[in-house]
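Quick notes on the structure that follows.
Note that ligands are numbered from 1 as they come in the structure, with each ligand's atoms numbered from 1 the same way. If you're wondering where the values come from, they're calculated on a predicted model, not measured in any experiment.
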Amino acid sequence: MLGGPGTGKTTLLADAAAERVLHGAEPDSLLVLTASRRSANAMRAEITRRLTASGEHEGRTVREPMVRTVHSYAFAVLRLQAGLNELPAPRLLSGPEQDVVVRDLLAGDLERGAPDWPRELRPALSVPGFAEELRDLLLRAAERGLGPEDLGKLGRQQQREEWVAAGKFWRQYEEVNLLLGTGGNALGIPGSPALDAAELVASALVELEGDPELLAREQGRVRHLFVDDAQHLDPLQFRLLRLLGGGADDFVLAGDPDQAVFSFRGADPSLLTGADRDGDRTITLARGHRLGRAVHEAVATVAAHLPGGKGHRGPIPLASEDGVVRTKLLPTPASEASWIADQLRRAHLIDDIPWSEMAVLVRSPGRSFPVLQRALGAAGVPIASATEELPLAKQPGVRPFLALLRLASDPESLEADLAEMLLASPLGGTDPLALRRLRRGLRRLELAGGGNRSSDELLVEALRDNDILAGLADAEARGVRRVGELLSIARRAVTRGDSVEDVLWQVWQASKLERRLLKQVTRGGSLGAQADRDLDAIVALFDAAARYVDRLPKASVAGFTEYLGSQHIAGDSLAPVAMRGTGVSLLTAHGATGREWTVVAVAGAQEGAWPDLRLRGTVLGVERLVDLLSGVDSEKVSAVAPLLAEERRLFYVAASRARRVLLISAVQGEDEQPSRFVDEIVNAAGDEPAEVIRGYTKERALVLSELVGELRSVVCDGEQEPERRRLAARQLARLARAGVPGTHPDQWYGLGPATTEEPLRSTEDVIRVSPSTVDILAKCPLRWLLERHGGSDPAQLAAVTGTLVHALAEAAASGADGERLKAELDEAWARVDAGAPWFSRRERRRVEKMVENFMAWLRGSRAELTQLAIEQDMEVELPAAAGELRVKLGGRVDRLELDQQGRPVIVDVKTSKTPISSADAEQHPQLAAYQLALLLGAFAEHGGKPGGARLVYVAKSNNKSGAAQREQPALDEETGPQWLELVRKAAAATAGPEYAAQENADCDRCPGKASCPVRPEGRQVTGP
Ligand code: SF4
């Protein structure tokens, strides 16, 4: 039975199956096979509905499920056979497990020097992609009925050494799986034969072909065999079905060769089209029941260019609705995603279409899902499912639990990174600021105790032994205590010998995460969605633990964490678990096969991405093997044509999932062009009914937050018409009464009254300022306030390299030679997190260069300067009359030198890349503050009259002086009092309660600009 999308193939099969039962056939004599578990569930529900609707079937029970997938049927045959022979039932080797076995074996091969593999392939053996490709090759070969020896033979015939090697590898792989199954596992526990998907079907086929009794029994039982979506069958499955259905009363294969999109998994649609060569037993369904007229026409346009017979194409649309096709080209992926979000919201709010009746389909999830998830989330469109692409051990919700289990069984493996991950995870609940506070607190205690361990070491120590926390404030130590407690619970359970499942359960209960996550889920939004995913992942973790314990009851916790940690690919059990009913489905086009929705958005239809015509050349030649076994000489035919056809079929499948509204969107920019499929639809449709909007005019999306934003901006914009502003205010007031967040001015940032008018400091306090704070205060008091109270990041790379260069310069000036400097830099750099390796190398070279420049400057300046001290602390109190503020000026001078006239000279080493101008240097507050301190007697032992000050820019080489220099003349009787006044004013400015924002040349580099009223980016905090 052939038929295009929506022609009723599945419905007809369900009808036929129900009819058979209603007319007296034993339910057990029926077998309906579908392509996936989801379709099997849907089909089962359909048949049951028909049976119960008739009322005749009530009360009857069915021994075997009538609807299954081919794999599930093969599994049932094997289990039955194993039961009869009193052998353990087989079990399905999941994708991730299979991957682990393949990689283990490859690692073993490599240790032996991989003599069987061609020399040029040996370096690839340890790459995860190679293992995946090898699995693929073996699966494809198995599906086409080959065994290890056949693959080797074919390799010799075709002179493909890699196939010969793969054949040998396959033999090993089978032996290992057999070993796993017959009790040869490390713990000596009898297991069941472990079979992968292809082996499952192959083994069932072998059983049926080799055991006439079994075959006769199965053929006798299954009298009506219906197969839906038969275009997805691979050769082995097809053989199995033909064997089973050969003698049945009904054997129906239903499908649409144009919807065959799984050739990469081994499917071969020619099996369906070739099943009835004469065509006299083929029915073609010619009437479309699903697609609206416009959708139907768009889909037919795409299908018209497909190769192959056209007999089953072009059904006459019978659906009562006209349908809508909207095609839109937008300038960026983000605007495309917001357009889709807006369209879906309109469909939901205006046309009353439930979220579950909508889907967004894409070609490549890695590229499109994050943007779409963000846009849909921001617009308040709930997402029903996001395909998890990560292996279980890498899922954010699972990682901390696995780390905790690993630590519980191997406490020595605790390192700083792991400690930090656990503390920052939901188990520790420590945010980055609190983490920094904790590190600082631990260091403080360490220094006070006379030790000098790094904060990394102290973090590890704190998790191992809570005693060290005694000197910390409760808030600082909370996260460590929490994780430490969970760790000891897990450790106690592991020592008692509890099973993996039990240990996990105890940790989970003690973590009290369930309540927190559930609360987040009910609050919704992006945090809610993440909490949802975390919960799913944790359920999957328990599931994996249960399966592991079932299989290996005596296995250790360490074994489990290692087993999960070694999985590099995602298992197939996750995606269905992640499905939730009430949202829009976000899926790949492949994942949408066999399903349908009222509204479907096909997103990211870009030329180059869909169709993706990159040749899928593989090092092991999987595609060549498949062609060869299908009788195609791929060396002679075009490799692109079949790729294009498959991509077109995929687009056809995606577009034909829509019943009423089809949205097609793409990005059109300098580098991106819409797909040829989009052009075909647009050209074929003319103006109507496809609506093509080129370019992008920003309209307000149908999202409450956008409306509130627009109303607020109108109300606050003095240039708007008064009437418009009044109306906007009225609408805001209405929304505020309805409790919409962000509408009432009380909730607007920047409009609330100040929470306190108290000054930061009392006038009795002695105010301490350093020359560098004087510099900042002189330029902008607000910047000082913001930086001083959390607005700057001392962990930033520039700050870290600055400190490092100062330390190295100090060591160099104290006589360290090049060798020692390099060793110190090596040691320090190993602890610096400088990001990507290339960037880290570049930064390191920059640091080395700065030290070289400094050395050159040092050598060159000795003729006029003599070193007096390095990194010298100083503090002086400014003279103050009664009632005036008491101010202490203190800090550390990088270098104190003596000039030729015997006067002390201040030298400040700068690591910034651009030196200031000479004129600015003369007015440099930091240098002047140092000189002032000198004048006031800070270094009285070296004389009271300063000889000026210098800035040395070590990041900028200079042929004459080694590094660029800027000088400030010596302070004298005239300039000294002026600077004294400036420092006094700067100190007074720290008291508050008001801090002026003074725009200056450094504003662009100011870390507080996002909170500053004079900057446009700060308006979000300070303006209405
Ligand atoms: S951006 Fe400029 S004005 Fe604003 S706080 Fe920073 S330095 Fe001051």
Is the count of non-hydrogen atoms from other residues, nucleotides or ligands lying under 6.0 Å from [X] atom [atom1] greater than 12?
X	atom1	value
E994	CD	no
R730	CZ	no
E723	CD	yes

Identify, by atom number and element, the atoms of ligand 1 in contact range of [X], meaning under 4.0 Å from any of its heavy atoms.
X	answer
R1015	1 (S)
Q998	3 (S), 8 (Fe)
N1000	7 (S)
C780	3 (S), 5 (S), 7 (S), 8 (Fe)

Legend entry - Contact flag C1003/atom 2 (Fe) of ligand 1, N/O/S atoms, threshold under 2.8 Å: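 Yes, C1003 qualifies, because one of its backbone or side-chain N, O or S atoms lies under 2.8 Å.
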Inset, instruction - Check step by step if salt bridge (Lys or Arg N to Asp or Glu O under 4.0 Å) holds for E446 and R443. - result: CA-CA 5 Å; E446 175 76 359; R443 267 292 282 175; over 6 Å; no
Inset, instruction - State, yes or no, whether a side-chain contact exists between R1015 and D1004 at a heavy-atom distance under 4.5 Å. - result: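 A side-chain contact exists here, since the closest heavy-atom pair is under 4.5 Å.
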Legend entry - Identity and separation of the nearest protein heavy atom to atom 4 (Fe) of ligand 1: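 Result for atom 4 (Fe) of ligand 1: C1012 SG, 2.3 Å.
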Inset, instruction - Return the residue, atom name and 0.1 Å-rounded distance of the protein heavy atom closest to atom 6 (Fe) of ligand 1. - result: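 Protein heavy atom with the smallest distance to atom 6 (Fe) of ligand 1: C1006 SG, 2.4 Å.
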Inset, instruction - Could you tell me if any non-hydrogen atom of V1014 lies under 4.0 Å from any atom of ligand 1? - result: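 True for this residue.
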Legend entry - Working for salt bridge (Lys or Arg N to Asp or Glu O under 4.0 Å), residues K1009 and E999: CA-CA 10 Å; K1009 63 185 171 194; E999 207 160 7; over 6 Å; no
